[in-house]
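Notes follow once the structure below has been shown.
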Amino acid sequence: MPPRKSGPSVMKHIVTQLVENALAGLPELAEAASDLSIEDTVERTRDASHGDFASNIAMRLAKPARKNPRDIAASIIDALAESADVSRTEIAGPGFINFHLSPSAFYAELASILQKGDSYGRQPERDAPKILLEFVSANPTGPLHVGHGRHASYGATVGNLLEAAGYPVHREYYVNDAGRQMDILGVSVWLRLLEKQGIAVPFPQGGYRGDYIRDIAAEINIDGVNTVSADAVLSDLPADAPDGDKEAYVEALIARAKTLLGDTGFDQVRQQALDSIRDDIEDDLAEFGVTFDTWYSEQSLTTSNRIDDALNVLKERGMLYEKDGATWFPATDFGDEKDRVVVRENGIKTYFASDIAYHFDKRERGFDHLIDILGADHHGYVTRVRAGLEAMGYGADSLEVELMQFVALYRGGKKVQMSTRSGEFDTLRQLRAEVGNDAARFYYVSRSNDQHLEFDLDVAKSQSSDNPVYYIQYAHARVASVFRQLGEKSLAWNSDNGQKQLGLLLEPQEKTLMTSLSRYPEVVELSANNRAPQHLVHYLRDLANDFHTYYNAHAFIVDNDALRDARLYLISATQVVIANGLGILGVSAPEKM
RNA sequence: GCCCCGGUAGCUCAGUCGGAUAGAGCACCAGAUUCCUAAUCUGGGGGUCCCAUGUUCGAAUCAUGGUCGGGGCGCCA
């Protein structure tokens, strides 16, 4: 990912700018700092007694400038220009420069929040790099399960974060609707269809056994699909597992289906099954607030000759060779463990060939930066796909892969067994029904993506303070409630007056809340740059805490008009920031709970 | 065997680019409501940051070697 620097935060920029200007007047230090990003030295302080921002630049310059860090800090402070936004600076500890911002800087930030509203924390849109964000891409062979829910939440949230950071983002779902698994799906539905017609055929071990297959069989249009007898289906088939090979058995059944139904007849069953499942997945995700700009069909890669196009590019660049009757891609030239087959001895192209073509097509469609969100079990796959892009002449770093670790559900402190066969908890739909979309979206992104997620159903369901999602939503609703109360008391909020009276906000909780609010743009940027929604989750939790603390400590609807207008100004800004943050997470911000 | 991820409080986890006294929630203990929603708040105890060595002004963070746990290593998709 290209630019990971340079933020939207006005406040941080103020401090960075001051330091940069000071340095410009100190040639010797500026020389030593030539390959240092000044902004990177400026960070929020952890402790309020250290001011609002601190720079460690003096310590980092100590070695190149060969001077004592505290002396360097003193020189820089001397060279700092006067600023209305900074009330005080000091040298602290081993050589930190602490910046205490003036109240007016915070008032300006509050005004910015209310003025910008929905767009507060968002950076201006830019034209490039164009990002293609691919996620979920679950095989259309059955309903989404709880693991896909994590991919969906994470992908949708990262997409929102990137957009907030100003990048053009295109969301895509790659539909694996080609190949053997589609035949297995088709044959599974066909057999359930026969079952429904009273034709007794044992169900293969290697078929898709879920109940949804029966549902599909019941609803599809079978006009023109041949009726057959059990004998016709079963005669001369090899043994199924456990006596025989279940894969070979399924293959034989597929071949039999194609013989008995004809390619068109079988196609009809298979395609309807696919459409039904794909529609179900799309509905499921839409209900979950997760939508895509394109659903990219793997079949279309073949029909548009995209695979041949990609292979031709490789061939022209000398990146294919023949061995043992197969066509190989020299992936080892690009750091992979072994070379990979793209066209098998039997002439069939491998899945890897499709994937090269798919990523080739992504670039050909004009996307500069590709982000794939994949399950951790796909990690071995990353090197070869990247190798393919590189071999076709695209930069290896144009493909970024975020690997998702697995999800385990817990109920009553015990791990819930998840298997389709056992019929226990399994699908995303069930999870959403049980805990609600908001809690699900929230918990799925509350952990780092490379951390296994233990999803505690009891906590996610609980409607109490145990549950961070409600805690945050409640803060938002509470602000709305205060304004309702205001109306009931026939009072009105004078926003302009509030802005003028912000100097009355002298309580420690008010200062804390203002500081937290001003951090929001930095948190959004950090979360976007690191593809790490959990930073935003934690921030919102902290912000809600600051608000609830304030709420409990002080009344907002006070008799003093000036103070009341100012306090309402502050909590109104809080409401905006919480709503914006929850919006990025795909969680609702209720007016009332 | 090789590759990827993780190991931080009793539990679940944050910890950004190496920075000041390592944090949060839950759980546990003790409190708060004549007042805008108690779906709230206040206070408290609780640490071998898996181990070792190294890098340096400074390491939970970086490097190397271990160790434990999860995952991956097809002319499958």
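Here is how names work: the chains are called A, B, and so on, in the same order as the sequence lines, proteins then strands, and each is numbered from 1.
- Taking atom P in both B:G69 and B:G43, one finds a spacing of 42 Å when rounded to whole Å.
- Residues passing the side chain to side chain contact (heavy atoms under 4.5 Å, CB included) test with A:Arg564, sequence neighbours excluded: A:Leu486, A:Leu491, A:Ile557, A:Val558, A:Asp561, A:Leu568.
- Residues satisfying the ring-ring contact (aromatic ring centres under 6.0 Å, His included) test with A:Tyr358, not counting sequence neighbours, are A:Tyr174, A:Tyr296.
- Across all strands shown, B:C62 pairs with B:G54; the Watson-Crick or G-U wobble distances both stay below 3.5 Å.
- As rounded to whole Å, 13 Å separates atom C1' of B:C41 from atom CG of A:Asp546.
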Contact letters for nucleotides 69-77 of chain B, in which S counts primed atoms plus P, OP1 and OP2 and B counts the base, heavy atoms under 4.0 Å: -SBSSSBSB
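- For the side chain to side chain contact (heavy atoms under 4.5 Å, CB included) test, residues two or more places apart in sequence or in another chain that qualify with A:Ala353 are A:Ile307, A:Val342, A:Lys349, A:Thr350.
- In this structure, A:Arg541 satisfies the cation-pi test against A:Tyr471, with its NZ or CZ atom closer than 6.0 Å to the six-membered ring centre and inside 45 degrees of the ring normal.
- The same atom, C1', is picked in B:C29 and in B:G10; the two are 14 Å apart, to the nearest Å.
- Between B:U42 and B:G47, the distance separating the two C1' atoms is 24 Å to the nearest Å.
- Checked against salt bridge (Lys or Arg N to Asp or Glu O under 4.0 Å), A:Glu134 has the following partners two or more places apart in sequence or in another chain: A:Lys362.
- Counting any heavy atom pair closer than 4.0 Å across all strands shown, A:Ala532 reaches no nucleic acid atom.
- Pairs engaging residues 175-188 of chain A under the salt bridge (Lys or Arg N to Asp or Glu O under 4.0 Å) rule: A:Arg180-A:Glu247, A:Arg180-A:Glu251, A:Asp183-A:Lys258, A:Asp183-A:Arg270 [sequence neighbours left out].
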Worked verdict on A:Phe556 versus A:Tyr550 for ring-ring contact (aromatic ring centres under 6.0 Å, His included): CA-CA 9 Å; A:Phe556 306 148; A:Tyr550 180 37; 4.8 Å; yes
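- Protein atom CG of A:Leu36 is 14 Å distant from nucleotide atom C1' of B:G19, rounded to whole Å.
- Geometric assessment of A:Arg278 against the ring of A:Trp295 yields a positive cation-pi assignment under the 6.0 Å and 45° thresholds.
- Here A:Ser481 lies in heavy-atom contact (under 4.0 Å) with a base.
- Rounded to whole Å, the separation between the C1' atoms of B:G45 and B:C28 comes to 9 Å.
- Within 4.0 Å of A:Asn98, counting heavy atoms only, lies at least one base atom of the nucleic acid.
- Distance A:Arg541 CZ to B:G15 P: 17 Å, rounded to the nearest Å.
- Residue contacts shown for A:Arg60 include a base, since a base heavy atom lies under 4.0 Å away.
- Sequence order on RNA chain B of the closest nucleotides to A:Gln534 and A:Glu43 puts A:Gln534 first from the 5' end.
- Annotation: B:A59 and B:C50 have their C1' atoms spaced 16 Å apart (nearest Å).
- Computed from coordinates, the A:Leu61 CG to B:G19 P distance equals 17 Å when rounded to whole Å.
- Nucleotides B:C49 and B:G15 are separated by 11 Å at their C1' atoms, to the nearest Å.
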Heavy-atom protein contacts under 4.0 Å, nucleotides 27-32 of chain B, coded B base, S sugar-phosphate only, - none: S-----
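- Residue-level contact check: A:Ala555 touches the bases, meaning some heavy atom is under 4.0 Å from a base atom.
- Residue A:His554 is in base contact, counting any heavy-atom pair closer than 4.0 Å across all strands shown.
- With sequence neighbours excluded, the residues that form a side chain to side chain contact (heavy atoms under 4.5 Å, CB included) with A:Thr383 are A:Asp336.
- Counting any heavy atom pair closer than 4.0 Å across all strands shown, A:His535 reaches sugar-phosphate atoms only and no base atom.
- For A:Thr141, the side chain to side chain contact (heavy atoms under 4.5 Å, CB included) partners two or more places apart in sequence, or in a different chain, are A:Asn139, A:Gln181, A:Met182, A:Tyr208.
- Within 4.0 Å (heavy atoms only), A:Thr327 reaches no atom of the nucleic acid at all.
- Residue ring and base: A:His50 counts as stacked with B:A20 (centre distance below 5.5 Å, interplanar angle below 30°).
- For A:Glu337 and A:Arg384, the salt-bridge test fails: no basic side-chain N is under 4.0 Å from an acidic carboxylate O.
- If A:Lys12 and A:Leu403 are placed on RNA chain B by their nearest nucleotide, the residue sitting closer to the 5' end is A:Leu403.
- Regarding A:Tyr470, its OH atom lies at a distance of 17 Å from the C1' atom of B:G25, rounded to whole Å.
- The nucleotide B:U48 finds no pairing partner, because no Watson-Crick or G-U wobble arrangement with both distances shorter than 3.5 Å includes it.
- Going from the C1' atom of B:G54 to that of B:G74 covers 41 Å, rounded to whole Å.
- Separating the P atom of B:U12 from that of B:G19 is a span of 26 Å, rounded to the nearest Å.
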